[in-house]
Amino acid sequence: MADDIDREIENSKESEKELNRDWASLPTDLLCLMLPHLFLGDIKRFHNVCRSWRSTPTPSVQSPVLMCIGNDNTRCKFFHPLYKGPYSMHIPKLSGAVPRFCKDGWLLMSKGRHSMFFFNPFTKALINLPDLPDNYDFKAMTFTSSPTSFNCMVFGIDAKFDKYYSISTIRHGEESWHVLRGEHNSPIFLSDCNPVFHDGEFYCLGQDGNLGVFNPNEAYWRVLDKPHRQPHNPSVPHELSNEQSFLVECDGEILSVCMSFRGKSITVSKLDSVGMIWHEVESLGEQMLFVSNTSSLSVKRVVQGMENKIYLPRIHGKCGAFYSVASRLFQTFGNDFSRKDWCGTGELLSCCWIEPKADTSYSKQELNWFNNTHR
């Protein structure tokens with residue numbers, strides 16, 4: 001009995017020491033390890049704890065999050081790959097708007113038939129673009145860099161069947177869109193994925209693994225002779241081989257991700273720019289791929305265990321689903337879900353992957369698309 005009392009007193013003393021611990025004296029290295037695990041508002045709360053925590057630098061690279069716009073177009077949900085359940089944010093400025101592409105924390109949005117604008121959901125900064133000359137009818141869109149940069153360029157393409165194309169572009173400071181129309185030099189059916197800006201040109205992925213390339217300086221569009229198609233998994237019927245395809249730039253290379261019916265087969269391929277051949281990739285190493293119809297990107301591992309995975313716009317319960325390239329299984333971090341296909345997951349619509357950029361401020365000049373004074 002006395003021993004039990006002594007243990008209880010000792011435990012009480014330990015608990016008191018825990019409560020009186022000086023959390024402000026935690027080593028900076030330890031605080032830096034904690035920050036990559038935090039999510040949006042949690043980072044702000046972390047910095048508000050005390051002066052020493054406030055001085056801890058925010059990681060230059062954070063995990064992308066999946067932003068999903070609700071049915072009312074004002075309530076947005078953000079899904080972090082590591083956590084169960086979303087972070088909600090009310091953004092009235094997005095009412096009636098549709099996400100088209102995302103880069104550097106900026107959304108490219110369309111509204112109605114002619115209106116387009118950039119929006120940063122973390123800073124609420126907005127940049128209006130000149131109205132489109134025609135109704136919005138793009139198959140895919142992208143932009144080259146942050147819209148506050150003088151070298152930002154917006155690119156949109158629409159392909160009519162496999163024969164005709166219409167390309168629209170606009171550069172920072174320009175007051176109107178440039179439209180180029182013509183016939184393909186070779187048939188191509190474009191995939192429903194964003195183009196990639198690589199080595200000064202826009203690359204568009206075809207459903208058969210072929211590529212269309214637009215050179216903005218020469219205003220020249222061409223369908224390349226090679227490559228012709230992705231490596232095909234013989235165990236999957238050809239008609240189901242490429243249900244979804246995505247194009248991603250990763251470490252200066254162009255990757256394609258092809259998913260068959262229900263995700264029963266997933267192939268990652270790297271473009272050999274010399275031989276113009278797709279080579280299958282067995283491992284992503286420390287890289288992570290985040291894919292969706294509106295935005296696909298690659299990021300080096302932020303937290304141990306996130307690498308060598310493809311993160312999808314899908315959830316199981318309240319957890320985001322990913323595909324492990326190592327195990328070739330669909331899994332989540334928040335529960336024991338594990339399957340060879342994505343059955344049991346739900347696809348999120350009107351969404352895109354976005355990199356959090358909450359600690360950036362912009363001047364009025366930077367938010368004026370027509371401002372050229374910083375050229």
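Here the structure is a predicted model, which means the values were calculated and not measured.
- Each of Phe322, Phe79, Tyr323, Trp353 was compared with Phe290 under the ring-ring contact (aromatic ring centres under 6.0 Å, His included) criterion, and only Trp353 meets it.
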Report task. Please step through side chain to side chain contact (heavy atoms under 4.5 Å, CB included) for the pair Ile315 and Leu348, ending with a clear verdict. Result -> CA-CA 8 Å; Ile315 58 172; Leu348 295 173; 3.8 Å; yes
Query raised in the report: Stepwise, does the side chain to side chain donor-acceptor pair (under 3.5 Å) test hold for Ser145 with Asn151?
Result: CA-CA 7 Å; Ser145 58; Asn151 58 9; 3.1 Å; yes
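- Tested against Phe143 for a ring-ring contact (aromatic ring centres under 6.0 Å, His included), the candidates Phe118, Trp106, Phe155, Trp369 yield a single pass: Phe118.
- Here the closest non-hydrogen pair linking Met109 and Leu107 is SD-CB, 3.7 Å.
- With rounding to the nearest 0.5 Å, the separation of CD1 in Ile91 from CZ in Phe122 is 8.0 Å.
- Counting heavy atoms from C-beta outward, Leu190 and Leu205 have side chains that stay 4.5 Å or more apart.
- Atom CZ of Phe189 is separated from atom NZ of Lys139 by 10.0 Å, given to the nearest 0.5 angstrom.
- Side-chain atoms of Gln287 do not come within 3.5 Å of backbone N or O of Gly285 as any donor-acceptor pair.
- Between Thr267 and Val257 there is no side-chain heavy-atom pair separated by less than 4.5 Å.
- Judged by distance alone, with hydrogens and angles left aside, the side-chain atoms of Asp272 form a donor-acceptor pair with the main-chain N or O of Val274 at under 3.5 Å.
- Side-chain contact between Pro64 and Leu297: present, with at least one pair of heavy atoms (C-beta onward) separated by less than 4.5 Å.
- Side-chain atoms of His316 never come within 3.5 Å of backbone atoms of Phe337 as a donor-acceptor pair (strictly under, hydrogens ignored).
- Taking the side chain as every heavy atom from C-beta outward, Ile69 and Leu94 approach each other to under 4.5 Å.
- Here the CE-OG distance, from Met288 to Ser298, works out to 9.0 Å after rounding to the nearest 0.5 Å.
- Going from atom OG of Ser295 over to atom CD1 of Ile354 covers 8.0 Å, rounded to the nearest 0.5 Å.
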Query raised in the report: Ser168 and His178: side chain to side chain contact (heavy atoms under 4.5 Å, CB included), yes or no, with the steps?
Result: CA-CA 5 Å; Ser168 298; His178 302 275; over 6 Å; no
**Report entry** Working for side chain to side chain contact (heavy atoms under 4.5 Å, CB included), residues Ile188 and Leu211
**Finding:** CA-CA 8 Å; Ile188 184 171; Leu211 292 168; 5.9 Å; no
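- Using cut-offs of 30° and 60° for the angle between ring planes, the Phe330 and Trp342 rings count as perpendicular.
- Between Ser292 and Asn194, the shortest heavy-atom contact is O-OD1, 4.2 Å.
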Query raised in the report: Would Leu271 and Trp278 satisfy side chain to side chain contact (heavy atoms under 4.5 Å, CB included), going step by step from the backbone distance to the final call?
Result: CA-CA 5 Å; Leu271 180 67; Trp278 291 110; 3.6 Å; yes
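- No single ILVMFWY cluster, assembled from side-chain heavy atoms under 4.5 Å apart, contains both Phe101 and Leu349.
- Screening Asp192, Ile266, Asn293, Leu312 for a side chain to side chain contact (heavy atoms under 4.5 Å, CB included) with Gln244, the sole residue that qualifies is Asn293.
- Under the salt bridge (Lys or Arg N to Asp or Glu O under 4.0 Å) criterion, the residue pairs touching residues 337-347 are Arg314-Glu347, Arg339-Asp341, with sequence neighbours excluded.
- Between Thr294 and Cys352, the closest heavy-atom pair is OG1-CB, 3.0 Å.
- Nearest approach of Phe138 to Met141, heavy atoms of both residues: CD1-SD, 3.5 Å.
- At most 12 non-hydrogen atoms from other residues, nucleotides or ligands lie less than 6.0 angstrom from CG of Asp225.
- A 4.5 Å side-chain heavy-atom check between Ile157 and Ser166 finds every atom pair outside the cut-off.
- Within 6.0 Å of the NZ atom in Lys111, the count of heavy atoms belonging to other residues, nucleotides or ligands exceeds 12.
- Within a 6.0 Å sphere centred on NZ of Lys364, heavy atoms belonging to other residues, nucleotides or ligands number 12 at most.
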Query - Test log, rule ring-ring contact (aromatic ring centres under 6.0 Å, His included), inputs Tyr165 and His184 - result: CA-CA 7 Å; Tyr165 68 85; His184 301 301; 5.5 Å; yes
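- Counting heavy atoms from C-beta on, the side chains of Thr169 and Pro216 never come closer than 4.5 Å.
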Please table the atom pairs, donor to acceptor, closer than 3.5 Å between any side-chain atom in residues 126-136 and protein atoms at least two apart or in another chain.
residue : atom : partner : partner atom : Å
Asp134  : OD2  : Arg181  : NH2          : 2.7
Asn135  : OD1  : His114  : NE2          : 3.3
Tyr136  : OH   : Arg100  : NE           : 3.3

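- The distance from the NZ atom of Lys270 to the CG atom of Leu255 is 8.0 Å, given to the nearest 0.5 Å.
- In this structure, Met306 is not a member of the same hydrophobic cluster as Leu329, with clusters built from ILVMFWY side-chain heavy atoms closer than 4.5 Å.
- With Lys163 contributing its side chain and Ala159 its backbone, the two residues share no donor-acceptor pair below 3.5 Å.
- Residues Met67 and Pro121 have side chains in contact (heavy-atom distance under 4.5 Å, counting atoms from C-beta outward).
- Shortest non-hydrogen contact noted between Thr332 and Ala321 is CG2-CA, 4.0 Å.
- Contact check for Leu108 versus Met116: side-chain heavy atoms found under the 4.5 Å cut-off.
- No path of Ile, Leu, Val, Met, Phe, Trp and Tyr side chains, each step under 4.5 Å between heavy atoms, connects Met153 with Val179, placing them in separate hydrophobic clusters.
- The local environment of CD in Glu183 is crowded, with over 12 non-hydrogen atoms from other residues, nucleotides or ligands closer than 6.0 Å.
- Surrounding CZ of Arg113 are at most 12 heavy atoms belonging to other residues, nucleotides or ligands under 6.0 Å away.
- Side-chain atoms of Asn185 do not come within 3.5 Å of backbone N or O of Arg222 as any donor-acceptor pair.
- Within the structure, salt bridge (Lys or Arg N to Asp or Glu O under 4.0 Å) pairs that include any residue of residues 317-333 comprise Glu282-Arg328 (at least two apart or interchain).
- In plain terms, the two heavy atoms of His198 and Gly252 that are nearest each other are CE1-O, 3.1 Å.
- Atom OG in Ser296 sits 8.5 Å away from atom CG in Leu289 (nearest 0.5 Å).
- Remark: aromatic rings of His172 and Phe150 are distant, center separation not under 6.0 Å.
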